[in-house]
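Below you'll find the structure, written out as structure tokens, and then a few comments.
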Number of protein chains: 2
Amino acid sequence: MTSQRRLLVGIMQDSPSHLDAATLLAIAKQRDPRIDRATAYRTIALLKDRGLIDELDLMHLEGEKHYYEAKTSRDHCHMACFGCGGIIEYASPAFENLKREMAKRGDFQIRVVRLEVGGYCRHCARPGGKQ
Amino acid sequence: MTSQRRLLVGIMQDSPSHLDAATLLAIAKQRDPRIDRATAYRTIALLKDRGLIDELDLMHLEGEKHYYEAKTSRDHCHMACFGCGGIIEYASPAFENLKREMAKRGDFQIRVVRLEVGGYCRHCARPGGKQ
DNA sequence: ATAACTGCAAATCTTTTGCTTACAG
DNA sequence: CTGTAAGCAAAAGATTTGCAGTTAT
């Protein structure tokens with residue numbers, strides 16, 4: 001792995017939030033101004049292929065871009081609030097069970113799982129809305 | 001709902017497969033040649049807001065476009081095969097349970113759920129790959 | 001009337017590609 | 001050496017927007 005790739009992976013691991021390609025590139029440029037967009041995108045594609053990062057859409061809350069996060073040991077889902085734009089991560093045994101069930105009953109070799117939920121968080125909850 | 005919207009919804013309901021915006025537009029144009037791209041996109045956005053259709057990415061198997069399907073009574077997940085490009089739909093009580101659990105334990109009013117899985121189907125299964 | 005919908009053309013935004021030079025094993 | 005990676009500039013693809021004219025309530 002080259003230094004540029006290490007740099008990009010490091011940024012993703014360090015970041016507390018989910019970064020889109022443009023933001024990731026901007027941060028990388030602070031440390032090495034000549035990193036190019038193409039390099040960022042090519043590296044992202046490569047890391048995604050190797051299963052080192054996950055790609056998210058976060059319900060396209062702000063445009064069509066994608067977000068990335070370093071893969072963690074435990075898969076988790078993302079709940080995106082249409083009210084405040086916040087992202088809540090959620091992991092549970094029930095999610096693991098569902099994955100196992102899909103792999104087995106669906107006879108499918110799972111490589112990537114993406115579970116995203118859109119709605120309203122505790123603070124933005126709508127009085128009327130139940131589900 | 002205007003006639004154009006009815007037309008677009010009708011196409012989505014009738015289609016056995018998942019349509020992207022461009023294909024949807026092409027089909028609609030066969031019936032009414034002056035429907036414009038903008039109308040298709042605006043209608044899609046509106047239907048999505050009202051919860052009448054679901055938007056899918058299908059793991060971006062062929063580019064960054066989105067796919068749409070008329071909302072069904074039962075949420076289901078989509079398994080996209082990296083080998084043959086096929087899409088398998090999968091619904092199960094375990095999925096429903098997970099949704100309930102997320103809403104309750106995460107204290108979240110769910111409006112949209114999108115569960116997409118990428119990997120290899122029965123026919124494209126890789127000898128070595130287990131998960 | 002008043003508000004919502006449409007077509008058309010142009011713009012925007014994100015991501016990808018071709019090509020040449022620079023590096024790493 | 002030989003293949004892979006990086007920079008640069010231009011292209012491609014999907015979706016959105018401004019505006020003027022049309023339709024529906």
Side-chain angles (χ1 to χ4, degrees), chain A residues 1-12 17-50 52-69 80 85 112 114 116 118, chain B residues 1-12 17-50 52-69 80 85 112 114 116 118:
Chain A
M1 185 137 60
T2 68
S3 62
Q4 305 237 347
R5 292 189 181 154
R6 260 189 296 274
L7 175 55
L8 290 168
V9 179
I11 292 170
M12 285 188 252
S17 60
H18 304 100
L19 303 174
D20 63 275
T23 308
L24 182 65
L25 176 61
I27 296 175
K29 275 195 165 168
Q30 287 171 9
R31 302 200 213 173
D32 181 345
R34 51 211 186 124
I35 289 188
D36 187 75
R37 220 175 342 181
T39 302
Y41 279 106
R42 284 193 270 240
T43 302
I44 286 171
L46 187 142
L47 297 173
K48 204 169 48 166
D49 274 1
R50 296 199 189 164
L52 296 173
I53 59 175
D54 275 324
E55 184 181 66
L56 314 170
D57 288 2
L58 302 183
M59 298 317 273
H60 300 296
L61 242 45
E62 17 174 345
E64 300 304 309
K65 58 195 166 198
H66 295 119
Y67 299 85
Y68 301 92
E69 67 179 9
V112 197
R114 195 151 89 196
E116 302 193 351
Chain B
M1 184 136 59
T2 69
S3 62
Q4 304 237 347
R5 291 190 183 155
R6 260 189 295 274
L7 174 56
L8 291 167
V9 179
I11 293 170
M12 286 189 250
S17 62
H18 303 101
L19 303 173
D20 62 274
T23 307
L24 181 65
L25 177 60
I27 297 174
K29 276 195 166 169
Q30 288 172 9
R31 302 200 212 174
D32 180 347
R34 52 210 184 123
I35 288 189
D36 188 75
R37 220 176 341 181
T39 302
Y41 279 107
R42 285 193 270 238
T43 302
I44 286 170
L46 187 143
L47 296 172
K48 204 168 49 166
D49 273 1
R50 295 200 189 162
L52 296 174
I53 59 175
D54 275 325
E55 183 180 66
L56 313 170
D57 288 3
L58 303 182
M59 297 319 273
H60 299 296
L61 240 47
E62 15 174 345
E64 301 304 312
K65 57 195 167 197
H66 295 119
Y67 300 85
Y68 301 92
E69 68 180 7
V112 196
R114 195 152 90 198
E116 302 194 350

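Quantities reported herein were computed from a predicted structural model and do not represent experimental measurements. Each chain gets a letter, A, B and so on, in the order its sequence line appears, and its residues count up from 1.
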Nearest nucleotide by nearest heavy atom, which residue falls closer to the 5' end of DNA chain C, E64(B) or R34(B)? R34(B)

Length of the line joining D36(A):CG and dG7(D):C1', which is rounded to integer Å: 5 Å

Is there a side-chain polar atom (N or O) of H66(A) under 4.0 Å from OP1 or OP2 of dT15(C)? yes

Figure out the CG/C1' separation between D20(B) and dG13(D), and round it to whole Å. 11 Å

Applying a 4.0 Å non-hydrogen cut-off, can you work out what R5(B) is touching in the nucleic acid: base, sugar-phosphate, or nothing? sugar-phosphate

Looking only at heavy atoms, what is the nearest atom pair of A40(B) and L25(B), with distance? CB-CD1, 4.0 Å

Whole-Å distance between dA5(D) P and L47(A) CG? 11 Å

Between dT15(C) and Y41(A), is there an OP1 or OP2 to side-chain N/O distance shorter than 4.0 Å? yes

Verify the contact: side-chain N or O of T39(A) to OP1 or OP2 of dG7(D), cut-off strictly under 4.0 Å; return yes or no. yes

Test side-chain contact (heavy atoms from CB on, under 4.5 Å) on V9(A) and R6(A) and set out the steps. CA-CA 5 Å; V9(A) 179; R6(A) 260 189 296 274; 5.9 Å; no

When the distance from CD1 of I35(A) to P of dC23(C) is rounded to whole Å, what number comes out? 14 Å

Here's a test for you: under side chain to side chain contact (heavy atoms under 4.5 Å, CB included), which of I44(B), I53(B), T43(B), L46(B) qualifies with L8(B)? T43(B)

Might you work through the side chain to side chain donor-acceptor pair (under 3.5 Å) test for T39(A) and D36(A), ending with a clear yes or no? CA-CA 5 Å; T39(A) 302; D36(A) 187 75; 5.2 Å; no

Using side-chain contact (heavy atoms from CB on, under 4.5 Å), reason through E55(B) and E69(B) one step at a time and then give a plain yes or no. CA-CA 7 Å; E55(B) 183 180 66; E69(B) 68 180 7; over 6 Å; no

Please report the distance, rounded to the nearest Å, between CZ in R42(A) and C1' in dT14(C). 16 Å

Can you tell me the distance, in whole Å, between the CG atom of L25(B) and the P atom of dT6(C)? 13 Å

Rounded to whole Å, CG of L46(B) lies from P of dT16(D) at a distance of 13 Å

What nucleic acid atoms does A45(A) come within less than 4.0 Å of, heavy atoms only: base, sugar-phosphate, or nothing? nothing

Counting only side-chain N and O atoms of T2(B), is one of them less than 4.0 Å from OP1 or OP2 of dT6(C)? yes

How close or far is atom P of dG7(D) from atom CG of D32(A), stated in whole angstroms? 7 Å

